[in-house]
Amino acid sequence: MSQRRILVTSALPYANGHIHIGHLVEYLQTDIWVRFQKLRGHRCIYICADDTHGTAIMIRARQEGTSEEDLIARMQKAHVDDFAGFDIQFDNYGSTNSPENRAICEEIWASIRKAGLVSEEKVEQLFDTEVGTFLADRFVKGTCPKCKAPNQYGDSCDKCGAHYSPVDLIDPKSTLSDTTPEIRTADHLFINIERLHEFLNEWTRSGGHLQPEVANYLAGHFLHEPLRDWDVSRPAPYFGFEIPDSPGNYWYVWFDAPIGYIGSTKQWCNRQGEDFDAWWRSDQTEIHHFIGKDITYFHTLFWPAMLKTAGFNLPTKVHIHGFLTVGGEKMSKTKGTFVRASTYLEHLNPAYLRYYYASKLTARVDDLDLNLDEFVTKINSDLVGKVVNLASRAAKFVEKSGLAKVYPDDGGLFQQAAEDGQAIAECYEKCDFNQAMRRIMAAADRANQYVDQVQPWVLRKDPDKAAELQDVCTVILNLFRQIAVYLAPVLPRLAEQTAELLGKPIAQWDEAQSPLVGTPVARFKHMLTRVEPAQVEAMVAASVESDLPSGPAATYNDGPGPLEAEPLTETCSFDDFLKVDLRVARIVEAVAVPKANKLVQLTLSLGGDKRLNVFAGIKEAYQPEDLVGRLVVCVANLAPRKMKFGTSEGMVVASGPGGKDVFLLSPDSGAQPGQRVH
RNA sequence: GCGCCCGUAGCUCAAUUGGUCAGAGCAACGGACUCAUAAUCCGUGGGUUCCAGGUUCAAGUCCUGGCGGGCGUACCA
């Protein structure tokens with residue numbers, strides 16, 4: 001078997017959100033495939049990065065009162081930690097906001113320019129003057145020009161289904177500021193991808209680059225008519241890379257995101273002293289992308305077109321998977337099935353999910369269902385009951401004697417499993433992990449049948465049969481080890497535990513071809529605990545995000561007193577409300593003002609270096625030392641007021657009549673200083 | 001309403017892509033065993049492949065129409 005050179009990527013997670021169990025379908029699928037290739041002895045690297053650019057990042061950074069750079073650095077750390085927790089092992093995890101990526105973007109852009117594929121056209125877009133930004137379609141709401149339904153998004157109406165431009169909306173409002181945006185015209189740059197139509201026809205249908213259903217989809221939906229020009233620029237302000245030959249314009253996030261695969265590779269090459277061209281400009285290197293079906297056309301039309309034009313390697317294969325459903329339904333925050341990676345890890349072992357997904361993944365684009373009851377039974381019955389149990393059934397009988405010197409007759413079981421390694425490898429190779437797991441479990445079934453036949457627990461009772469006992473346990477542990485080898489891409493920790501038990505590392509797929517003999521056996525330790533349904537329930541409960549109060553309202557008997565004491569005031573407009581800039585703040589210092597009856601002097605932090613000096617009338621209700629460190633909500637844009645003891649630069653929000661009855665408002669955990677309260 | 005996807009045993013999925021394939025795992029039920037994390041082994045039941053037409057020597061597999069579900073708005077794989 002000649003050594004292949006393989007570069008593998010997963011889609012770059014967007015820096016706007018945390019990793020959840022839906023993302024993990026892809027990263028686990030990819031990680032398993034990469035580990036398999038490495039185990040087979042191929043030269044394989046796994047490249048990924050955070051996708052960091054775009055309007056959404058810019059807006060969120062503003063909302064949090066932080067810089068884009070801080071925001072994406074924080075999210076990258078969170079992403080990296082989540083992936084590590086699931087044993088997802090990247091060779092490099094970069095960022096699209098890196099100098100390497102900028103350089104490659106410029107290089108590819110120059111090639112596209114040189115090929116004469118870029119044109120400039122005027123585009124009318126809505127502009128929010130309050131926030132000072134152009135508005136993507138989903139940031140505009142208004143009345144449908146066709147059916148007059150109110151509150152519709154900028155691209156289409158969900159009442160009548162009409163499609164339109166956001167500039168056609170009646171009474172459009174920016175969802176960011178609720179102000180009326182104005183129409184502004186800007187020059188955008190377009191790539192004339194139609195010029196590569198013939199190439200794409202050929203590429204999508206040949207060479208097994210795409211799954212057949214994907215090739216058909218593209219042919220039927222895009223390639224049957226002329227391809228529309230692709231708008232790849234956005235006018236300032238935009239968080240991204242400015243286009244060198246078009247000042248004031250930035251590359252659209254979907255231009256530089258896939259280039260991030262190359263940029264991240266470049267980073268790895270620089271660090272490792274590797275030859276970059278050997279990875280991205282060599283017909284000896286395979287490029288494999290793993291993506292979800294939602295971003296199919298970016299990776300199967302635009303991306304190959306860019307690579308082709310710039311002279312980089314084309315993808316050898318784009319592996320496309322479906323979405324995750326939980327219990328047959330889309331993930332839901334209110335039902336607690338929208339589970340973050342970090343939440344999962346607080347309750348369950350990552351090996352469970354790695355195996356469960358492996359047992360469900362096929363080479364097709366079908367959605368994958370996580371059935372939580374099945375999750376429990378599958379882990380317990382396959383992994384604990386069948387696989388790990390094998391070691392548990394035999395190891396302690398040979399703790400003292402070790403494995404037999406010569407591999408005994410096992411009726412051909414080892415040989416059968418060794419031969420099956422070829423078929424299992426083929427299943428891994430074509431991403432039919434489901435089939436691979438079935439075959440491996442069949443081997444585990446055969447091994448368990450063998451244990452029942454030879455009955456080591458009977459042999460143990462007869463001292464004359466010690467050699468026979470050692471023989472059958474040698475067989476059982478070797479059959480177990482074969483399974484651990486085959487499962488190593490899915491369960492790397494099990495492979496390590498097996499290595500520890502039998503004193504021989506599992507570094508090669510071929511370790512399953514010859515039995516281990518004459519080696520000592522370590523004291524057996526449990527390798528995997530059973531899943532309790534209660535653990536799963538706890539994870540789901542911890543994931544529930546209810547925006548509605550739970551339980552029937554009738555069970556609460558709150559009296560009318562407070563409302564009567566202070567009746568509701570007249571209605572205020574949303575604009576009026578927006579004038580008040582409420583922020584999450586952390587009390588970093590609190591000192592009782594000696595000469596005042598009620599006042600405590602607080603130093604509030606809004607994150608970074610931003611501090612506010614605030615006098616609050618809460619002396620009778622709180623001890624200053626109890627206040628330090630806690631989060632509160634403050635009015636951050638209140639006009640400063642000179643008081644006897646100094647200037648107060650804001651106000652801490654609290655309820656209650658005063659005196660000893662003052663109750664500071666606290667944000668829920670997770671809130672960060674500087675975040676605006678909306 | 002429109003568009004796309006899907007509909008095989010209680011559950012999750014197979015069926016070499018029109019040719020003995022109606023199958024597996026889990027669950028259920030009966031029995032065996034007790035080494036093992038109440039794990040394991042043997043056996044049994046269970047489907048008019050959503051419905052109705054059509055094409056064909058032959059249809060879960062292709063076509064048409066119905067019925068049912070999902071997605072299309074998001075945190076987006």
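Atom set for the values below is all heavy atoms of this structure, side chains included, hydrogens, waters and symmetry mates excluded. Residue numbers begin at 1 in each chain, while the letters A, B, ... track the order of the sequences.
With distances taken from any side-chain atom of A:His23 to the nucleotides B:A77, B:C26, B:U37, the minimum falls on B:A77. Nearest to the side chain of A:Arg438, among B:C35, B:A24, B:A77, sits B:A24. The side chain of A:Lys330 lies closest to B:C71, out of B:C71, B:C35, B:U37. Side-chain proximity of A:Asp452 to B:C41, B:U37, B:C35: nearest is B:C41. When distances are taken from the side chain of A:Asn448 to each of B:U40, B:C76, B:U37, the shortest belongs to B:U40. Closest approach to the A:Ser392 side chain among B:C13, B:A77, B:A36 is made by B:A36 (side chain taken as heavy atoms from C-beta onward). Picking from B:U37, B:A77, B:A15 the nucleotide with the shortest atom distance to the side chain of A:Asp294 gives B:A77. Distances were taken from every side-chain heavy atom of A:Arg364 (C-beta onward) to each of B:C41, B:A77, B:A14; the shortest belongs to B:A14.
Separating the CG atom of A:Asp369 from the P atom of B:C6 is a distance of 16 Å, rounded to the nearest angstrom. Rounded to whole Å, atom C1' of B:C13 lies 11 Å from atom CG of A:Leu368. Distance, A:Leu370 CG to B:A77 C1': 14 Å, rounded to whole Å. When rounded to the nearest whole Å, the span between CZ of A:Arg340 and P of B:A74 equals 19 Å. Rounded to a whole Å, the CD1 atom of A:Ile379 is 13 Å from the C1' atom of B:G25. Between the P atom of B:C35 and the NZ atom of A:Lys396 lies a distance of 8 Å, rounded to the nearest Å. Distance A:Arg60 CZ to B:A74 P: 16 Å, rounded to the nearest Å. In this structure, A:Arg446 atom CZ and B:C41 atom C1' are separated by 16 Å, rounded to whole Å.
Spacing between B:A58 and B:C4 at atom P, rounded to whole Å, works out to 31 Å. Look at the C1' atom in both B:G23 and B:A38: the space between them is 30 Å, to the nearest Å. Nucleotides B:A24 and B:U64 are separated by 34 Å at their P atoms, to the nearest Å. A gap of 14 Å separates the P atoms of B:A59 and B:G18, to the nearest Å. Across the C1' atoms, B:C29 and B:G65 are found 42 Å apart, a figure rounded to whole Å. Going from the P atom of B:G69 to that of B:C11 covers 16 Å, rounded to whole Å. Comparing the same atom, P, in B:U17 and in B:C62 gives a spacing of 13 Å after rounding to whole Å. With P as the reference atom, B:U44 and B:G60 are 26 Å apart, rounded to whole Å.
In this structure B:U37 sits in no base pair that meets the Watson-Crick or G-U test at under 3.5 Å. B:G18 makes up no base pair with any nucleotide shown, lacking Watson-Crick or G-U wobble contacts both under 3.5 Å. Remark: B:A59 base-pairs with no nucleotide in the shown strands. Criterion, Watson-Crick or G-U wobble with two distances under 3.5 Å. Across all strands shown, the partner of B:A52 is B:U64, judged by Watson-Crick or G-U wobble contacts whose two distances both fall under 3.5 Å.
The glycosidic torsion of B:U17 lies within 90° of 0, which places this base in the syn conformation. Glycosidic conformation of B:G66 is anti; the angle lies outside 90° of 0.
For the pair A:Gln455 and B:C35, the criterion of a side-chain N or O lying under 4.0 Å from OP1 or OP2 is not met. Neither OP1 nor OP2 of B:A77 sits under 4.0 Å from any side-chain N or O of A:His321. The side chain of A:Asn434 places no N or O atom within less than 4.0 Å of a non-bridging phosphate oxygen (OP1 or OP2) of B:C13.
Counting any heavy atom pair closer than 4.0 Å across all strands shown, A:Lys386 reaches sugar-phosphate atoms only and no base atom. In this structure, A:Asn371 reaches the sugar-phosphate backbone alone: every heavy-atom distance under 4.0 Å involves primed, P, OP1 or OP2 atoms, never a base. At a threshold of 4.0 angstrom between heavy atoms, the contacts of A:Val388 include nucleobase atoms, whether or not backbone atoms are also involved. Across all strands, A:Phe338 comes closer than 4.0 Å to base atoms (heavy-atom distances). Using a 4.0 Å heavy-atom criterion, one finds that A:Met441 contacts no nucleic acid atom at all. Among the protein residues, A:Leu24 comes within range of no part of the nucleic acid, since none of its heavy atoms lies under 4.0 Å from any strand. Here A:Gly385 lies in heavy-atom contact (under 4.0 Å) with sugar-phosphate atoms only. Among the heavy atoms of the strands lying under 4.0 Å from A:Arg460 are primed sugar atoms or P, OP1, OP2 only; no base atom is included. Across all strands, A:His18 comes closer than 4.0 Å to no nucleic acid atom at all (heavy-atom distances). Note on A:Phe397: only backbone sugar-phosphate atoms sit closer than 4.0 angstrom, heavy atoms only; bases stay farther off. Among the atoms of the strands shown, none is found under 4.0 Å from any heavy atom of A:Asp373. Heavy atoms of A:Asn389 sit under 4.0 angstrom from at least one base atom. Across all strands shown, A:Gly17 has no heavy atoms under 4.0 Å from either base or sugar-phosphate atoms.
Under the 3.5 Å distance criterion, with hydrogens and angles disregarded, a donor-acceptor pair is assigned to the side chains of A:His53 and A:Asp256.
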Dump the intermediate steps for ring-ring contact (aromatic ring centres under 6.0 Å, His included) on A:Phe83 and A:His23, then the final yes or no. CA-CA 10 Å; A:Phe83 289 135; A:His23 292 106; 8.2 Å; no
Test side-chain hydrogen bond (donor to acceptor under 3.5 Å, both in side chains) applied to A:Thr362 and A:Asn434, step by step: CA-CA 6 Å; A:Thr362 68; A:Asn434 154 62; over 6 Å; no
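Between A:Tyr344 and A:Phe375, the angle of the ring planes goes over 60°, which puts this pair in the perpendicular group of the 30/60° scheme.
Along RNA chain B, the nucleotide closest to A:Pro456 and the one closest to A:Asp445 are compared, and the more 5′ of them pairs with A:Pro456. Along RNA chain B, the nucleotide nearest A:Val384 and the nucleotide nearest A:Tyr356 are compared for position; the residue whose nucleotide lies closer to the 5' end is A:Tyr356.
Cation-pi geometry between A:Lys293 and A:Phe323 is met: the NZ or CZ atom falls under 6.0 Å from the ring centre, inside 45° of the normal. For the pair A:Lys396 and A:Phe524, the NZ or CZ position fails the cation-pi test of under 6.0 Å to the six-membered ring centre and within 45 degrees of the ring normal.
Between the side chain of A:Lys333 and the base of B:C75, at least one donor-acceptor pair of N or O atoms lies under 3.5 Å.
When each of A:Phe298, A:Tyr297, A:Tyr261 is paired with A:Trp303, the side-chain contact (heavy atoms from CB on, under 4.5 Å) condition holds for A:Tyr261 and for no other. Partner of A:Leu12 under the side-chain contact (heavy atoms from CB on, under 4.5 Å) criterion, out of A:Ile291, A:Thr96, A:Asp50: A:Thr96 alone.
By the criterion of a centre-to-centre distance under 5.5 Å and near-parallel planes under 30°, the ring of A:Tyr27 forms no stack with the base of B:A77.
The residues A:Glu500 and A:Lys525 are annotated as salt-bridged, a charged nitrogen and a carboxylate oxygen being separated by less than 4.0 angstrom. Under a 4.0 Å N-O distance rule, the pair A:Asp87/A:Arg354 does not qualify as a salt bridge.
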